[in-house]
Trainee: 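I have a structure I would like to understand better, so I am pasting it below and will then ask my questions one at a time.
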Amino acid sequence: MSSSTPISVRVRFAPSPTGFLHVGGIRSALFNWLWARHNGGISILRIEDTDRARYVEGALDQICDSLEALGIAPDEGPREGGEYGPYVQSERLDLYHQHAKPLLESGALYRCWCSPERLTKLREEAQATGVAFKYDRHCLIAANQRSETEPHVLRFRIPDAPESIGWDDAVRGRLDFKLTDLDDFVAIKADGFPTYHFANVVDDHLMAISHVLRADEWLPSTPKHLLLWQAFDWQPPVYAHLPAVLGPTGNKKLSKRDGAQSVQEYLDEGYLPEALRSFLASLGWNDGTTQEVYATDELVERFTLERIQRSPAKFDKDRLTWMNGFLIRQMPLDKLLERSRGFWPASASDSSMTYRRHVLRLVQDRLKFLSELSELTEFFFTEPDYRSGILETEADSDRYRHPTFAVCLRAARQAVENSDFSEASLEAALRPLAEELGTKTGVLFSAIRIAITGQKSAPGLFETLAVLGRETSLRRLDNAIKQL
RNA sequence: GGUCCCAUCGUCUAGCGGCCUAGGACAUCGCCCUCUCACGGCGAAGAUCAGGGGUUCGAAUCCCCUUGGGACUACCA
């Protein structure tokens with residue numbers, strides 16, 4: 001299946017509402033979305049909530065919100081609706097029972113009344129003898145048939161033939177499994193809910209899914225799914241198993257302990273959706289060139305299944321951060337201004353957009369993610385905080401022996417007094433001053449910077465003074481001089 | 001234990017038999033630019049292509065074995 005796949009492409013992302021979407025999950029969502037877009041197909045969000053015990057309140061909304069915030073909202077789903085709904089499995093129970101019935105009649109499914117205790121015992125025995133556990137089909141024997149009204153599950157009977165079952169995985173290639181290694185898995189639980197395996201296959205068929213792009217961990221259960229497709233006499237979709245996303249330390253699957261964060265947390269820190277998309281895409285996919293950052297339309301255009309990596313990728317936040325800063329630097333100033341909403345320091349609330357725009361221009365190159373904006377620009381909106389003693393400490397240092405710190409500031413104040421505070425005139429006034437005072441430019445400028453910003457590092461001095469303006473700049477110089 | 005998957009710089013990766021004494025990027029270090037911090041430019045260090053056997057005139061690339069890591073092995077997904 002290349003870009004010229006003749007069938008209409010319909011893909012689904014099928015998370016369980018058991019918590020927020022972590023980066024591994026969102027990567028799967030992205031790949032599905034990209035494949036749909038690449039083919040002009042449809043992407044679907046299906047919620048797999050068949051385990052009532054693990055259901056987390058609000059998780060569904062969080063998942064939908066995250067996808068929307070990332071700009072990869074599905075075409076069909078719980079919020080969007082669609083012709084193949086409902087898109088939440090707990091609302092599809094009738095459908096599963098309806099489809100279980102003929103399989104039960106044909107013998108593909110059978111009733112099992114075995115207690116969890118018996119199953120556990122069997123498992124322990126198998127463990128002890130070093131044999132792989134497989135259900136012993138105790139309830140398949142006529143003598144063990146009990147009443148249909150007693151609680152029971154429906155198991156799928158692994159057929160005796162063929163010897164093996166396999167498929168051409170779009171990323172792994174040919175994969176085959178022996179049927180004798182497979183266990184008669186449960187299809188319908190005692191509570192009437194289907195298991196993942198059963199619901200998944202029924203829904204993928206009913207929703208006309210053409211490609212299943214899902215995490216690696218599903219690979220071992222794919223033969224069970226294939227057997228189910230076969231029992232139904234349905235045409236299975238193309239399977240593509242995605243490599244795992246690992247935590248930055250160790251080789252374990254990414255988990256919250258490894259610093260895995262929800263998509264929302266990254267967004268809150270000021271990571272751009274386009275940076276997240278480009279970075280996530282690079283986790284297990286590349287186009288074969290040396291390009292490092294991709295615009296989303298480039299991703300859509302170039303994304304193919306055969307370029308998906310087979311080996312797992314570790315999540316490297318440093319690289320994400322670099323990519324985010326790179327994209328911030330590339331962004332037109334007005335767009336960045338728009339995006340920076342909500343990240344300004346509280347003290348900026350009374351400042352005009354025009355003023356903020358000038359400030360933003362000065363820090364754009366220094367921003368790695370938007371939440372840094374606040375501490376980077378605080379002094380533009382509020383008087384510098386000298387309480388840390390930065391003024392005194394600097395004034396005492398050896399650099400300010402001959403022209404003292406105070407002398408530098410007074411001279412600077414005087415030099416700048418009649419300036420129109422344009423960058424050019426500020427530079428013309430201050431640049432020659434160092435030599436006049438018999439000190440280095442850096443020493444003079446540093447004194448001014450500290451007085452003006454309260455910090456040792458800040459944007460360029462002339463730019464900063466120009467943005468702050470005459471009144472504020474002179475006032476801060478005076479205040480600093482007064483304090484010495 | 002069983003079944004299966006994976007294996008190139010610390011990390012993301014290029015590589016699909018000769019172009020590789022292995023390329024790019026992040027991170028690290030150095031230099032330059034420079035009023036500081038960034039940005040940018042240049043450069044350094046960093047991978048005996050997990051190890052061992054084959055196949056071949058020729059292997060990071062194909063095959064086998066070993067090792068290491070991971071997933072699955074639930075009336076969870």
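Residue numbering restarts at 1 for every chain, and letters A, B, ... go by the order of the sequence lines.
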Trainee: Kindly say if A:Lys314 contacts the phosphate of B:U11, meaning a side-chain N or O under 4.0 Å from OP1 or OP2.
Mentor: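 The answer is yes; a side-chain N or O of A:Lys314 sits under 4.0 Å from OP1 or OP2.
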
Trainee: Is the CD atom of A:Glu150 crowded by more than 12 outside heavy atoms at less than 6.0 Å?
Mentor: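 More than 12 within 6.0 Å, yes.
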
Trainee: Counting only distance, no hydrogens or angles, is the base of B:C35 paired donor-acceptor with the side chain of A:Arg449 under 3.5 Å?
Mentor: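 A donor-acceptor contact between them is present.
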
Trainee: Within the structure, does a side-chain N or O atom of A:Thr50 lie under 4.0 Å from either OP1 or OP2 of B:A77?
Mentor: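 Result: yes.
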
Trainee: Under a 3.5 Å cut-off for both contacts, is B:C26 paired Watson-Crick or G-U wobble with anything, and if yes, with which nucleotide?
Mentor: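 Pairing partner: B:G10.
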
Trainee: Which value, in whole Å, describes the distance between the C1' atoms of nucleotides B:G1 and B:U13?
Mentor: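 Comparing C1' positions in B:G1 and B:U13 gives a spacing of 36 Å.
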
Trainee: What integer number of Å spans the C1' atoms of B:G68 and B:A25?
Mentor: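 The answer is 27 Å between these two C1' atoms.
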
Trainee: Would you please confirm or rule out a distance under 4.0 Å between OP1 or OP2 of B:G40 and any side-chain N or O of A:Arg329?
Mentor: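 Checking B:G40 against A:Arg329, a side-chain N or O does come within under 4.0 Å of OP1 or OP2.
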
Trainee: So A:Arg146 and A:His152, side-chain hydrogen bond (donor to acceptor under 3.5 Å, both in side chains) or not? Walk me through it.
Mentor: CA-CA 9 Å; A:Arg146 294 207 250 156; A:His152 63 279; over 6 Å; no

Trainee: According to a strict under-4.0 Å criterion, is A:Gln309 in side-chain N/O contact with OP1 or OP2 of B:A14?
Mentor: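 Result: yes.
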
Trainee: Does a side-chain N or O of A:Lys189 approach OP1 or OP2 of B:C76 to a distance below 4.0 Å, or not?
Mentor: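 Answer is yes, contact under 4.0 Å.
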
Trainee: When you check the phosphate oxygens OP1 and OP2 of B:A74, does a side-chain N or O of A:Arg123 lie under 4.0 Å from one of them?
Mentor: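 For B:A74, OP1 or OP2 has a side-chain N or O of A:Arg123 closer than 4.0 Å.
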
Trainee: Mapping A:Ser457 and A:Trp322 to their closest nucleotides on RNA chain B, which lands nearer the 5' end?
Mentor: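 That would be A:Trp322.
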
Trainee: What is the nucleic acid contact for A:Pro243, judged by heavy atoms within less than 4.0 Å: base, sugar-phosphate only, or nothing?
Mentor: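 No contact.
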
Trainee: Describe the nucleic acid contact of A:Leu367 in one word from base, sugar-phosphate, nothing, applying a heavy-atom distance below 4.0 Å.
Mentor: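 Result for A:Leu367 = nothing.
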
Trainee: Between A:Arg310 and B:A7, is there a side-chain N or O to OP1/OP2 distance below 4.0 Å?
Mentor: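 Answer no for this pair, as no side-chain N or O of A:Arg310 is under 4.0 Å from OP1 or OP2.
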
Trainee: Counting only N and O atoms by type, is there a donor-acceptor contact under 3.5 Å from the side chain of A:Arg366 to the main-chain atoms of A:Leu362?
Mentor: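 Looks like yes, one N/O pair under 3.5 Å.
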
Trainee: With a 4.5 Å cut-off on side-chain heavy atoms, are A:Val416 and A:Phe421 touching?
Mentor: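 When only atoms from C-beta onward are counted, A:Val416 and A:Phe421 do touch, with a gap below 4.5 Å.
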
Trainee: Could you identify the nucleotide paired to B:U21, looking across every strand shown and requiring Watson-Crick or G-U wobble geometry with both distances under 3.5 Å?
Mentor: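 For B:U21, the partner nucleotide comes out as none, under the 3.5 Å rule.
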
Trainee: With a cut-off of 6.0 Å (strictly less than), are more than 12 heavy atoms of other residues, nucleotides or ligands near NE2 of A:His358?
Mentor: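 Counting neighbours around NE2 of A:His358, 12 or fewer heavy atoms of other residues, nucleotides or ligands fall under 6.0 Å, so no.
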
Trainee: If you look at every strand shown and take non-hydrogen atoms under 4.0 Å, does A:Phe462 touch a base, only sugar-phosphate, or nothing?
Mentor: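 The residue A:Phe462 makes base contact.
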
Trainee: With nearest nucleotides of RNA chain B determined for A:Trp285 and A:Pro15 from heavy-atom distances, which residue corresponds to the more 5′ nucleotide?
Mentor: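 It is A:Trp285, whose closest nucleotide lies nearer the 5' terminus.
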
Trainee: Reckon A:Ala190 touches a base, only the sugar-phosphate, or nothing at all at heavy-atom distances under 4.0 Å?
Mentor: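 Base contact.
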
Trainee: Think A:Asn286 has a side-chain N or O under 4.0 angstrom from the OP1 or OP2 of B:A14?
Mentor: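 Answer yes for this pair, as a side-chain N or O of A:Asn286 is under 4.0 Å from OP1 or OP2.
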
Trainee: Please tell me if A:Arg52 has a side-chain N or O lying less than 4.0 Å from either OP1 or OP2 of B:C75.
Mentor: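 For A:Arg52, the contact criterion (side-chain N or O under 4.0 Å from OP1 or OP2 of B:C75) is not met.
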
Trainee: Does A:Lys456 make a side-chain N or O approach to OP1 or OP2 of B:C35 shorter than 4.0 Å?
Mentor: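 No, because none of the side-chain N or O atoms of A:Lys456 sits under 4.0 Å from OP1 or OP2 of B:C35.
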
Trainee: Within the 4.0 Å heavy-atom criterion, would you say A:Gly325 contacts the bases, only the backbone, or no part of the nucleic acid?
Mentor: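 Here A:Gly325 touches no strand at all.
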
Trainee: Among A:Tyr294, A:Phe279, A:Phe31, exactly one meets ring-ring contact (aromatic ring centres under 6.0 Å, His included) together with A:Trp285. Which residue is that?
Mentor: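 In the set A:Tyr294, A:Phe279, A:Phe31, the residue that makes a ring-ring contact (aromatic ring centres under 6.0 Å, His included) with A:Trp285 is A:Tyr294.
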
Trainee: Answer with base, sugar-phosphate or nothing: what part of the nucleic acid does A:Arg214 contact at a heavy-atom distance below 4.0 Å?
Mentor: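 Contact class for A:Arg214: none.
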
Trainee: May I ask you to say whether A:Glu394 pairs ionically with A:Lys456, meaning some side-chain N is under 4.0 Å from a carboxylate O?
Mentor: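 A:Lys456 and A:Glu394: salt-bridged.
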
Trainee: So if I take every side-chain heavy atom of A:Arg431 and compare against B:C12, B:C75, B:C35, which nucleotide ends up nearest?
Mentor: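 The answer is B:C35, which lies nearest to the side chain.
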
Trainee: Between B:C39, B:C76, B:A25, spot the one nearest the side chain of A:Thr195, thanks.
Mentor: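 The closest nucleotide is B:C76.
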
Trainee: Any base atoms under 4.0 Å from A:Leu219, or only sugar-phosphate, or nothing? Heavy atoms, all strands.
Mentor: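 Sugar-phosphate, backbone atoms only, no base.
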
Trainee: Side chain of A:Ser282: nearest nucleotide among B:C12, B:U3, B:C76?
Mentor: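 For A:Ser282, the side-chain atoms sit closest to B:C12.
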
